*Asks:* 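Here's a structure for you.
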Amino acid sequence: MNKKQIEDLSVNAVCKSISLTDYLSPYINNNDKEPSWDGLVIIHSDKNCTKNDIKRVLVQVKGKKCDDFSKSEISFPAETSDLRNYLNNGGIIYFVVYLKRDGTEKIYYSTLTPVKLKKYLKNIGTQKSKNINLKEFPEDSNKKMNIFVNFFENCKKQVSFVDIGFISLDKLNQEGVKEVTMSLTWYDCKDTQTDIREMFFETEVYLYAKIDGSKALHPVDTVISSISFPEKVQEPISIDGKTYYSSFSRTRSKDKVELKIGDSLLITICKKDSSIKVTYKDAKMLRTRVKDLDFFLNAMKAKYFYLNDKKIYFEVPANEQEKFSIPNQLRILEYYQKVLQLFNILNVKEDISLEELTDEDYKNLDILIKAFIENKPVKNLNKNLFVLKLKLANLRLLLMFIKSEKTETMYEIEDFFNSGKEFFYDDGNGNMLRAPAYSYLRKDDYLQISNINYDDILPSYKALQDTNEGIFGIANYDMLQILLAYDESKPKKDELLSVSKEIAEWILQEDKTNLPTDIKILNFLQIIKRERQLSREEKNSLLSMTQNSSVRDDIKVAAYLLLDNHDLAEFCFQKMDPENQESFKNFPIYYFWRDEVQNKIEDVNGIST
């Protein structure tokens, strides 16, 4: 096959393929009559291919003897001088035809827009040629049409910026860029309904930036050739009637569909041959690990699972199951289920990072499993243990150790908050009065300890209401510690604010003699202000405090802060003695002080709190 035969067969192959469409007409010459391109293709606006509203696209055709048609993408050397000519003339569609000895052919193409050509020519120096990337030319008429239409539209938008230059992707966040749009035109010549996602899969996408002071859209120097569409699917996943998940993630791309179940299991379905690849990666957090591993093991055992009411057959090859080591994974699952049972007993709501667990942590977990699940005393512990804040990775557990009578190194271990032990304090008059276990805690404890049962805090104070008249004062002090912890928590621990509100509301309603009314109102309203804007009635109660001459200056400062009147708060604050000023700064109300803490105030529904 000589050079002329290769050229003729290549041009004929491209012309034939394009002519099979209803809207494209090829005008391509043989024998290289023009210096850098072989001809053009006309895009018609109607099936009759009239002269009305036609568009023109330059094309170049190259041929090559090759018996290997297996590749979906190839590279081919284009002369540098040709690439410059293509850029100067607004772009070209470049065809390369592979020809076998028997004359059969396979067509590849590349849409060389100004953006692409600029990239190919960047830093090219004295190179005579540059390899360009090409992909299979489709057989579908819709796809052919859309290649030409999108190429024409994008070249038209880009050509006037060749000399000015295109915006780099890195500079999209610079000042002056108002928005970024995508450009995509789609013709459906068969009058069928096409999934919009398929349009993006089949077409290269260009970005255009809208810039202040310019009416034109500025091209971005990046071609998006691979787009995926992630979505969350609200459908339950179950096996034998047990629901493991209420939803899963699905990502569609050109060549595959990926199903992400939980954090660990990825099922990849190849569109070309419907082959399935299963990838399992251990989750980092305990609760997720237990859930994901339990599902995966049961799915392998059942060889199916349900997506909503659709049965999905799920068979992992025997060699992959062997690598996964099912017996070992079952032992791991059983152990982590015990750890999870332990945390449920201790009211631990936080998850634990398994990656952070040390060998010492695992030893301590074994001890706690023995104590709380097997209900056995633990031997060979350190002497003189009583109350211990035990660190386990990212968790802190407050535990009580009760020494055995048999030996001083054997203990029963109990949850500090559920030990049944009674706590007492001296009321200053020599009387020992009961207090809840939570009175042992201070601000930092609420920030650190993971086994606090927040649902039990208020009931523990209420239980002592009839036997300890001073319980309201104790509860008020503890509530302020919780509120201080809430203000420092990052991210915000909403349970701290919730329990603070419960305690403050209880004190306001039930305490008749212990705490001044102004204090009770202030404490309740400062919690409300952290949640929302104060009502007119609530503001009026604060204004009444500020107008009462018998009210202390520190009360007035707090009231003015809640009313957002920082000038009068400052005025009253200056009337306080230095010792009381320093003391005031340690209370949660100081959170609202403008100069010192305004940068900490968050916006909740547009209202400063």
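Sequence positions, counted from 1, serve as the residue numbers for this chain. Note that this is a predicted model, so its numbers are computed, not measured.
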*Asks:* Does either side chain, that of N523 or that of N476, offer a donor lying less than 3.5 Å from an acceptor on the other one?
*Replies:* yes
*Asks:* Could you check whether K157 makes a cation-pi contact with Y208, meaning its NZ or CZ is under 6.0 Å from the centre of the six-membered ring and within 45° of the ring axis?
*Replies:* yes
*Asks:* Given side-chain contact (heavy atoms from CB on, under 4.5 Å), test D567 with Y560 step by step and report yes or no.
*Replies:* CA-CA 9 Å; D567 291 333; Y560 279 128; over 6 Å; no
*Asks:* Charged N to carboxylate O under 4.0 angstrom, D564 versus K529?
*Replies:*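 Looking at K529 together with D564, the answer is yes, because their closest N to O distance falls below 4.0 Å.
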*Asks:* Salt bridge (charged side-chain N to carboxylate O under 4.0 Å, His left out) between E231 and R252: does it pass, once the steps are laid out?
*Replies:* CA-CA 9 Å; E231 59 181 330; R252 301 178 192 267; 3.4 Å; yes
*Asks:* Salt bridge check: are K575 and D554 linked by an N-O gap of less than 4.0 Å?
*Replies:*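 A salt bridge is absent here (no side-chain N lies under 4.0 Å from a carboxylate O).
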*Asks:* Pair S439, D478 - check side chain to side chain donor-acceptor pair (under 3.5 Å), show working.
*Replies:* CA-CA 6 Å; S439 288; D478 295 343; 2.6 Å; yes
*Asks:* Under 3.5 Å, side chain of D511 to main-chain N/O of W506, donor-acceptor pair present?
*Replies:* no
*Asks:* To the nearest 0.5 Å, what is the distance between NZ on K585 and CG on N580?
*Replies:*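 Result: 12.5 Å between the selected atoms.
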*Asks:* How close do A569 and L561 get, heavy atom to heavy atom, and via which atoms?
*Replies:* CB-CD2, 3.9 Å
*Asks:* Please find out if less than 6.0 Å separates the ring center of Y446 from that of Y486.
*Replies:* no
*Asks:* Main chain of K363, side chain of D366: is a donor-acceptor contact present, judged purely on distance under 3.5 Å?
*Replies:*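 Checking the backbone N and O of K363 against the side chain of D366, no donor-acceptor pair under 3.5 Å is found.
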*Asks:* I'd like to know if the side chain of D292 and the backbone of D263 have a donor-acceptor N/O pair within less than 3.5 Å.
*Replies:* yes
*Asks:* Indicate the atoms forming the closest heavy-atom contact of P588 with D487, along with that distance.
*Replies:*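 Closest heavy-atom pair between P588 and D487: O-OD2, 4.0 Å.
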*Asks:* Look only at the side chain of Q581 and the backbone of F573, and say whether a donor-acceptor pair between them is shorter than 3.5 Å.
*Replies:* yes
*Asks:* Is the gap between the ring centers of F423 and F416 under 6.0 Å?
*Replies:*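 Yes: the rings meet the under 6.0 Å criterion.
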*Asks:* With a 4.0 Å cut-off, would you call R250 and E258 a salt bridge?
*Replies:* no
*Asks:* Short question: side chain of S214, backbone of I211 - any donor-acceptor pair under 3.5 Å?
*Replies:*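 It does not hold such a pair.
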*Asks:* Under a 4.5 Å cut-off applied to non-hydrogen side-chain atoms, are I227 and F229 in contact?
*Replies:* yes
*Asks:* Atom CZ in F401, atom CG in L388: separation rounded to 0.5 Å?
*Replies:*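 Result: 4.5 Å between the selected atoms.
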*Asks:* Rounded to the nearest 0.5 Å, what separates atom CG in D361 from atom CD in E356?
*Replies:*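 So the CG of D361 and the CD of E356 are separated by 9.0 Å.
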*Asks:* Is it the case that over 12 heavy atoms from other parts of the model lie below 6.0 angstrom from the CD atom of E537?
*Replies:*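 No, not enclosed.
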*Asks:* Taking the six-membered ring of Y336 (Phe, Tyr or Trp), confirm whether the NZ or CZ of R287 is under 6.0 Å from its centre and within 45° of its axis.
*Replies:* no
*Asks:* Give a yes or no answer on whether the side chain of S264 reaches the backbone of K281 with a donor-acceptor pair at less than 3.5 Å.
*Replies:* yes
*Asks:* In this structure, are over 12 heavy atoms from other groups packed under 6.0 Å from D577 atom CG?
*Replies:*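 Yes - once you tally the heavy atoms of other residues, nucleotides and ligands closer than 6.0 Å, there are more than 12.
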*Asks:* Got a donor-acceptor contact below 3.5 angstrom from the K260 side chain to the L265 backbone?
*Replies:* no
*Asks:* Quick one: do K403 and E412 make a salt bridge, cutoff under 4.0 Å?
*Replies:*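 Salt bridge between K403 and E412, a charged N being under 4.0 Å from a carboxylate O: no.
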*Asks:* Run the salt bridge (charged side-chain N to carboxylate O under 4.0 Å, His left out) test on D445 and K389 for me, step by step, so that the C-alpha distance in whole Å, both residues' side-chain angles and the decisive distance to 0.1 Å come before the verdict.
*Replies:* CA-CA 9 Å; D445 297 317; K389 192 186 294 183; 3.1 Å; yes
*Asks:* Hey, does the side chain of T243 reach the backbone of Y245 with a donor-acceptor pair shorter than 3.5 angstrom?
*Replies:* no
*Asks:* Establish, from distance only, whether the side-chain atoms of Y425 and N468 form a donor-acceptor pair under 3.5 Å.
*Replies:*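 Result is yes, a qualifying pair exists.
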*Asks:* Has Y454 got more than 12 heavy atoms of other residues, nucleotides or ligands less than 6.0 Å from its OH?
*Replies:* yes
*Asks:* Tell me whether the guanidinium CZ or amine NZ of K291 lies under 6.0 angstrom from the six-membered ring centre of Y244 and within 45° of its axis.
*Replies:* no
*Asks:* How long is the gap from NZ on K501 to CG on L458, to the nearest 0.5 Å?
*Replies:* 13.5 Å
*Asks:* How about H218 and F166: are their ring centroids closer than 6.0 Å?
*Replies:*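 They do not qualify: ring centres at least 6.0 Å apart.
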*Asks:* After noting the C-alpha distance and the side-chain angles of F372 and L399, does the key distance pass the side-chain contact (heavy atoms from CB on, under 4.5 Å) rule?
*Replies:* CA-CA 11 Å; F372 286 94; L399 304 171; 4.2 Å; yes
*Asks:* Check the surroundings of atom CZ in F571: do more than 12 heavy atoms from other residues, nucleotides or ligands lie under 6.0 Å from it?
*Replies:* no
*Asks:* Using 0.5 Å steps for rounding, measure from the CG atom of N394 to the CD atom of E355.
*Replies:*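 The CG atom of N394 sits 11.0 Å away from the CD atom of E355.
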*Asks:* Can you confirm whether Q234 is buried at CD, in the sense that more than 12 heavy atoms of other residues, nucleotides or ligands lie under 6.0 Å from that atom?
*Replies:*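 Atom CD in Q234 is crowded, with more than 12 foreign heavy atoms closer than 6.0 Å.
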*Asks:* I'd like to know whether the aromatic ring centres of Y280 and F296 sit less than 6.0 Å apart in this structure.
*Replies:*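 Yes, the ring centres sit under 6.0 Å apart.
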*Asks:* If you take all heavy atoms of C572 and D553, which pair is closest and at what distance?
*Replies:* O-CB, 3.9 Å
*Asks:* Counting heavy atoms not belonging to K338, are there more than 12 under 6.0 Å from its NZ?
*Replies:* no
*Asks:* Take a 6.0 Å sphere around CD of E350 and say whether it holds more than 12 heavy atoms from other residues, nucleotides or ligands.
*Replies:* yes
*Asks:* Does K379 have more than 12 heavy atoms from other residues, nucleotides or ligands lying within 6.0 Å of its NZ?
*Replies:*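 No, because the 6.0 Å sphere around NZ of K379 holds 12 heavy atoms or fewer from other groups.
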*Asks:* Would you check if there is a donor-acceptor pair between the side chains of E538 and S541 at a distance under 3.5 Å?
*Replies:*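 On atom types as modelled, these side chains do not qualify, holding no pair under 3.5 Å.
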*Asks:* Hey, mind stepping through N548 and M545 against side-chain contact (heavy atoms from CB on, under 4.5 Å) and telling me if it holds?
*Replies:* CA-CA 5 Å; N548 190 337; M545 295 180 201; 5.9 Å; no
*Asks:* So do K493 and L496 actually touch side chain to side chain, heavy atoms under 4.5 Å?
*Replies:* yes
*Asks:* For the atom pair CG (L346) and CD (Q341), what is the distance rounded to the nearest 0.5 Å?
*Replies:*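 Rounded to the nearest 0.5 Å, the CG-CD separation comes to 11.0 Å.
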*Asks:* Does any part of the side chain of I521, heavy atoms only, come nearer than 4.5 Å to the side chain of L508, both counted from C-beta?
*Replies:*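 When only atoms from C-beta onward are counted, I521 and L508 do touch, with a gap below 4.5 Å.
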*Asks:* Less than 4.5 Å apart, any side-chain heavy atom of I589 and any of F592?
*Replies:* yes
*Asks:* With heavy-atom distances below 4.5 Å as the criterion, would you say the side chains of I503 and K462 are in contact?
*Replies:*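 Result no, sub-4.5 Å side-chain heavy-atom pair not found.
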*Asks:* With a 4.5 Å cut-off on side-chain heavy atoms, are Y206 and I224 touching?
*Replies:* no
*Asks:* Which atom names give the shortest non-hydrogen contact between S450 and L397, and what distance separates them?
*Replies:* CB-CD2, 4.3 Å
*Asks:* Could you tell me if the side chain of L497 sits less than 4.5 Å from the side chain of K492, heavy atoms only?
*Replies:*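 No, every pair of side-chain atoms sits at 4.5 Å or beyond.
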*Asks:* Specify the closest pair of heavy atoms between L525 and L534, including all atoms of both residues, with the distance to one decimal.
*Replies:*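 Residues L525 and L534, closest heavy atoms: O-CD2, 3.9 Å.
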*Asks:* Report yes if the side chains of K232 and F248 come closer than 4.5 Å at any heavy-atom pair, otherwise no.
*Replies:*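 The answer is no, as the side chains (C-beta and beyond) never meet within the 4.5 Å cut-off.
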*Asks:* Is there a donor-acceptor pair closer than 3.5 Å between any side-chain N or O of R396 and the backbone N or O of L392?
*Replies:* no
*Asks:* List the steps, then state whether side-chain contact (heavy atoms from CB on, under 4.5 Å) holds for L441 with L398.
*Replies:* CA-CA 10 Å; L441 306 182; L398 193 61; 3.8 Å; yes
*Asks:* Okay, side chain of K512, backbone of Q509: is any donor-acceptor separation there less than 3.5 Å?
*Replies:* yes
